[in-house]
Undergrad: 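Next up is a structure, given as structure tokens.
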Amino acid sequence: MKVPYLDVKNQYNLMKEEIDAAIRSVIEDCSFIRGAYVEEFEKNFCEFLGGGYGLGVGNGTDALEIAIQALGIEKGSEVIVPSFTFIACPEAVIRNDLVPVFCDVDPQTYTLDTDDLKNLINPKTKLIMAVHQYGHACHMDEIMRLAEENDLFVIEDCSQAHGALYKGRLLGTFGRMATFSFYPGKNLGAFGDAGFIFSHHKDSINACRMIANHGRVEKYVHEFVGRNSRMDGIQGAVLNVKLKSLNEWNQRRSQVAALYDEGLKDLEEVIIPEIEDWCDPVYHLYVLRVKNRDKLQRFLTDKGIGTGVHYPLALTQQPPFKGSRDRELFADQLGSEVLSLPMGEHLTDDQVSYVVSAVREFYS
Ligand SMILES: *Cc1c(COP(=O)(O)O)cnc(C)c1O
């Protein structure tokens with residue numbers, strides 16, 4: 001049996017006619033950059049998030065960069081970023097002439113460790129980047145309390161957490177702004193690069209809109225030097241179609257996760273994802289922690305099972321950021337232990353059972 005790690009074609013197969021028709025309309029209307037389809041998606045995605053303001057942009061990395069720029073933070077200030085996540089997060093900080101400070105992640109949620117976070121806050125700190133890793137929420141009550149006490153902004157990176165909840169409330173609705181990636185492999189994926197910035201603050205989204213559109217106030221008047229990062233019409237149209245199924249697909253991910261949990265929880269050698277009772281995750285990834293990860297990965301590959309490693313190195317182990325912390329972090333050990341099993345609405349129960357049996361066979 002073959003079990004693909006990811007199957008981006010599946011969603012297209014499920015709704016081929018609707019997606020083809022949507023793309024055809026964009027082409028017929030020549031609504032290539034922004035335009036009615038993107039505006040409709042902005043409206044729909046804000047509705048999905050319970051109401052607010054939103055802007056479609058070029059990709060999830062741009063979304064972070066632009067959102068940070070819109071805060072107008074003084075150059076050289078510090079931004080707290082998790083030490084174990086995608087490199088886009090510190091990149092967006094550095095591109096704004098700010099300094100990323102790497103916070104450890106905790107062994108339960110793999111998100112910002114709030115004890116370490118507390119110690120890192122100092123007068124130069126201006127922003128906390130709360131990344132909801134693998135689709136599991138950060139400790140939002142503690143993060144928002146620390147932000148309030150110290151007068152810090154919070155940006156939530158929801159690139160792996162479309163539709164996930166913290167204490168029943170949608171992620172992306174806590175911070176000053178939230179960013180999303182619609183990279184094709186995300187829970188909600190476009191047919192190319194696309195990203196989103198969401199906020200309850202109209203001013204923040206207006207600032208982002210100007211930054212992302214050449215600092216424009218009208219067609220040939222540029223109030224400041226901006227940049228070009230706009231969502232394409234085709235991406236807006238595809239996302240409008242797919243958004244309708246996001247909750248259903250997320251539910252299927254949770255069912256798959258429950259089957260993995262049930263099949264693997266008694267294995268001593270395997271740590272399954274720990275879900276806090278205050279979180280409804282969306283399982284962007286289903287990540288095991290194991291001691292002999294590379295061997296297990298090879299074993300699964302030989303059985304036709306696709307896997308991934310998110311991420312092989314902590315950010316503090318990547319060349320640009322080496323030695324930026326004063327001590328060894330929990331995150332430093334994670335890179336050699338994490339293994340992402342196949343995850344997505346494309347998986348059948350039989351495929352999941354096959355993966356479970358293969359992992360069990362490896363340890364028998
Ligand atoms: C995917 C991802 C991004 C970047 O999104 P792109 O659309 O690929 O630029 C940023 N942050 C996190 C946590 C991500 O998973």
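Counting starts at 1 for both ligands and their atoms, in listed order.
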Undergrad: Using a heavy-atom cut-off of under 4.0 Å, does the side chain or the backbone of Val131 touch ligand 1, or both, or neither?
TA: side chain
Undergrad: What protein heavy atom lies closest to atom 4 (C) of ligand 1? Include the residue and the distance to one decimal.
TA: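 Residue, atom and distance for the closest contact: Thr61 OG1, 3.5 Å.
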Undergrad: Please tell me whether Tyr134 and Tyr283 form a close aromatic pair, meaning their ring centres lie under 6.0 Å apart.
TA: no
Undergrad: Could you go through the salt bridge (Lys or Arg N to Asp or Glu O under 4.0 Å) check for Arg95 and Glu91 one step at a time?
TA: CA-CA 6 Å; Arg95 297 242 164 248; Glu91 271 173 354; over 6 Å; no
Undergrad: Any idea which atoms of ligand 1 are less than 4.0 Å away from a heavy-atom of Gly60?
TA: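 Going through ligand 1 atom by atom, the ones under 4.0 Å from Gly60 are 5 (O), 6 (P), 7 (O), 9 (O).
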Undergrad: Pick whichever of Asp157, Leu285, Thr179 has a heavy atom sitting closest to atom 10 (C) of ligand 1.
TA: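 The residue whose heavy atom sits nearest atom 10 (C) of ligand 1 is Asp157.
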Undergrad: Please work out whether the ring planes of Tyr166 and Phe174 are parallel, tilted or perpendicular, with thresholds of 30° and 60°.
TA: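 If you compare the ring of Tyr166 with that of Phe174, the planes turn out perpendicular.
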Undergrad: So does Asp151 have more than 12 non-hydrogen atoms from other groups sitting under 6.0 Å from CG?
TA: no
Undergrad: Determine whether the aromatic ring centres of Tyr37 and Phe32 lie less than 6.0 Å apart.
TA: no
Undergrad: Among Glu269, Glu337, Glu268, which one satisfies salt bridge (charged side-chain N to carboxylate O under 4.0 Å, His left out) with Lys291?
TA: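 That would be Glu337; it is the only one of Glu269, Glu337, Glu268 passing the salt bridge (charged side-chain N to carboxylate O under 4.0 Å, His left out) with Lys291.
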Undergrad: Pairs of nitrogen or oxygen atoms closer than 3.5 Å, one from Ser181 and one from ligand 1: do any exist?
TA: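 Yes.
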Undergrad: Do ligand 1 and Cys89 have nitrogen or oxygen atoms that lie under 3.5 Å from each other?
TA: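 It does not: no N or O of Cys89 is found under 3.5 Å from an N or O of ligand 1.
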Undergrad: Quick one: does any side-chain atom of Lys242 pair with a main-chain N or O of Gly189 as donor and acceptor, under 3.5 Å?
TA: yes
Undergrad: Can you pull out the closest protein heavy atom to atom 2 (C) of ligand 1? Residue, atom name and distance to 0.1 Å, please.
TA: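 So the nearest neighbour among protein heavy atoms is Lys186 NZ, 2.6 Å.
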Undergrad: Looking only at distances, can you tell me whether any N or O atom of Asp193, backbone or side chain, sits closer than 3.5 Å to an N or O atom of ligand 1?
TA: no
Undergrad: With a heavy-atom distance limit of 4.0 Å, tell me whether Asn59 approaches ligand 1 through its side chain, its backbone, both, or neither.
TA: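 Within the 4.0 Å criterion, Asn59 contacts ligand 1 through backbone and side-chain atoms alike.
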Undergrad: Are any of the heavy atoms in Gln133 under 4.0 Å away from ligand 1?
TA: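 No heavy atom of Gln133 comes that close to ligand 1.
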